[in-house]
Amino acid sequence: MTDPQGLPLGAGPAPVAPNRAASQGGWADRPPSNGGTLIRLRRPHIRTVAVAVAVTTAATGLAGTAFAAPSTGVERSAASAAPSATAVVEAARTAAFAHASATGVSQGDDLHAQDVMIDPEGARHVRFVRTHNDLPVLGGDLVVHLDRRLGYTGVTRAADHAVKPAAAKAELTASQAAAKAAQAAKGDAGGAQLVVDARDGASALAYQVTVTGKDSARTVVVDAVTGKVRSNTPTRDEFLSPKLLDALRERGETLDPATGTGSGAAVSGLVGSRGAGAAAYPSAAKGTGKTLFVGTVGLTTTQTSRGHYQLKDPNRYGTETRDAKGSYTEKFSAGTKLTNTTNVWGNGATTSRVSAAADAQYGITKTLDFYKSTFQRKGIANNSKPAQAMVHWGKQVANAFWDPTCNCMLYGDGDGQMFKKPLVVLDVTGHELTHGVVEATANLQPTFVDSDGNQYGEPGSLNESLADIFGSNVEFYAKNTKDTPDYLVGEKLGLAQKFLRRLDHPSLDKLEGTIDYWSADTYYTEVHAGSGVSSHAYYLLAEGSGKKTINGVNYNSPTYHNIAVKGIGRTKATAIYYRALTRYMVSTTDFHQARTATLKAAKDLYGANSTEYKTVDKSWAAVNVTAANTPSVRH
């Protein structure tokens, strides 16, 4: 029997053993995503791979699923819930060491729980990051799977080898490593931290350094013995890649997307009104956003005093948009608060700086609502904390980013030449915030980056694909008549080809050269172009192959060797992909492993003999990802 990544499984209940993890750090507060009680467990601070370590129980997969507990009608207390989560973590940690040949853990390793997920059908999953001799391990993440009785059933792991580095002592000093990082990334280096780099099939002692420039930030990993730069990766997830921007320049293409005129009527009952029954300040108020791209919309804001309002949503964890005023700050606190006395935000045109902020706030709140309504996910990191954004970031910045440094969205205004409007489109926001969700779960990483900053490798392509998949779902959830829900990405950017990417027939994107099918060369494909493989598989799972019209948009999805696929519907397809992401994917998951992850998720939700399971298998075969053509050697 094998696990989702093809590793041998063990059996039997795992005994609970003393905690092997270091007892440093603070408290991680994250509510269970099924709406249950808050669980608080001690955890270490590990930020070296852009992952905040926390513990949660979750019962996600399909909207409306509930925690697997007796139906007593009385919600369990925190006191009774916390020991259960603790027992799951301890059982998973003990099982990882008991089944070391499968999990890859060894002497000197400590496992630190990031997530505990408890499925309605009884399975338990614990996502761990790892330290080795107290050094953070890059690519050392794993998910241990347990049954209802806490018996070990398998593992999904990033590193397929022991993480102990060949050399135990650094030859370079921290300052020497920082200097090499600064030279490689052409910026100012921060402090160098010793880590174990377990990526690329072997482990090495290394330094990790953050290097910042005026409008960029990169994470550089330098070999602590040889001084070789092992990786040099942008810390921000840019919506528009350097390769795409170059292609647009070569074509001489100018993007000036159509926006509102500011003449739309206000939403009835919203302008300047305050929540019913509010007796004290600050309180929730019903405001109006006059946006650039989605018309006039309702926004929940904060009334700070009589007749004074702030663009901050108290009903969604304090989610807020601010104005960066052209600065390059990565500190949200440095942004300027947006306040007024009318509770009307923007005028539908760029003549008001607040119009872009209204788009951003609307897109962020709709993304949060999509994740909560569909998966019971409370916030981007599932920790009931606000999503934040800054508009008018930098000067002539033609991009939008998810920035893990400030855990916020950053929106540029365009460069005034090629891009003439802020990139605050709804599916751009849904896409970028999903990068935050991926960061908080599987943390999929590119395999390598070229000198221009273009990223490559299947895990990075899968990351971009999931951002497109869930970003499109945000549109379907929002049902905004000014932005027709569709399987197109960036269709409102004003591109000559009418979209940036599309899920039904990815290769119709000629700008990025997006691909329809997997091949051995996919590893060497830029991540946005490579995203077409799994995006296409998802579309086929949801809607099927061939011609189809949805919301007035025409689709015609081809398949490899003309395999016919009948879709199971977007709701089920999305549930399968979300469960696969949160349970069965890790930082190095490639397309063949994503196939296995989605099959496992479909089996969890619908059964191994179900139509849904069989269609998942067929959808991947239709993009040339099969068990038979799995590469014998992983990159």
Using a cut-off of 6.0 Å, state whether more than 12 heavy atoms not belonging to E171 lie near its atom CD.
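Counting other residues, nucleotides and ligands, CD of E171 exceeds 12 neighbours.
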CG/D450: more than 12 non-hydrogen atoms of other groups inside 6.0 Å:
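Correct, the count exceeds 12.
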Any chance the rings of [X] and [Y] have centres within less than 6.0 Å?
X: W518; Y: H592; value: yes
X: Y456; Y: Y524; value: no
X: Y152; Y: H145; value: no
X: H435; Y: F401; value: no

Taking atom types as modelled, find out whether [X] and [Y] have a side-chain donor-acceptor pair closer than 3.5 angstrom.
X: S465; Y: S531; answer: no
X: D141; Y: S587; answer: yes
X: Y411; Y: T429; answer: yes
X: T173; Y: S175; answer: yes
X: N232; Y: R218; answer: yes
X: E464; Y: H431; answer: yes
X: Y578; Y: N473; answer: no
X: W620; Y: S534; answer: no
X: Q445; Y: N443; answer: yes
X: T131; Y: H112; answer: yes
X: T582; Y: R127; answer: no

Tell me whether [X] is salt-bridged to [Y], with the criterion being a basic N under 4.0 Å from an acidic carboxylate O.
X: D119; Y: R583; value: yes
X: R595; Y: D617; value: yes
X: R501; Y: D468; value: yes

For the pair [X] (side chain) and [Y] (backbone), establish whether a donor and an acceptor sit closer than 3.5 Å, ignoring hydrogens and angles.
X: T441; Y: L581; result: no
X: T630; Y: A627; result: yes
X: D403; Y: T405; result: yes

How many angstroms lie between [atom1] in [X] and [atom2] in [Y], if you round to the nearest 0.5 Å?
X: T596; Y: D590; atom1: OG1; atom2: CG; answer: 8.5 Å
X: N463; Y: E458; atom1: CG; atom2: CD; answer: 13.5 Å
X: C406; Y: Q388; atom1: SG; atom2: CD; answer: 7.5 Å
X: L135; Y: D110; atom1: CG; atom2: CG; answer: 11.0 Å
X: K600; Y: R579; atom1: NZ; atom2: CZ; answer: 10.0 Å
X: K228; Y: R230; atom1: NZ; atom2: CZ; answer: 7.0 Å

Which label fits Y523 and F448: parallel for a plane angle under 30°, tilted from 30 to 60°, or perpendicular past 60°?
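Y523 and F448: tilted rings.
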Aromatic plane relationship, F375 with F470 - under 30° parallel, 30 to 60° tilted, over 60° perpendicular:
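Perpendicular: the ring planes of F470 and F375 meet at over 60°.
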Any side-chain heavy atom of [X] within less than 4.5 Å of one from [Y]?
X: V586; Y: V143; result: yes
X: R148; Y: R124; result: yes
X: Q208; Y: V222; result: no
X: L466; Y: M585; result: yes
X: Y584; Y: D604; result: yes

Show your working on ring-ring contact (aromatic ring centres under 6.0 Å, His included) between H536 and Y517 and close with a plain yes or no.
CA-CA 8 Å; H536 194 188; Y517 311 118; 5.8 Å; yes
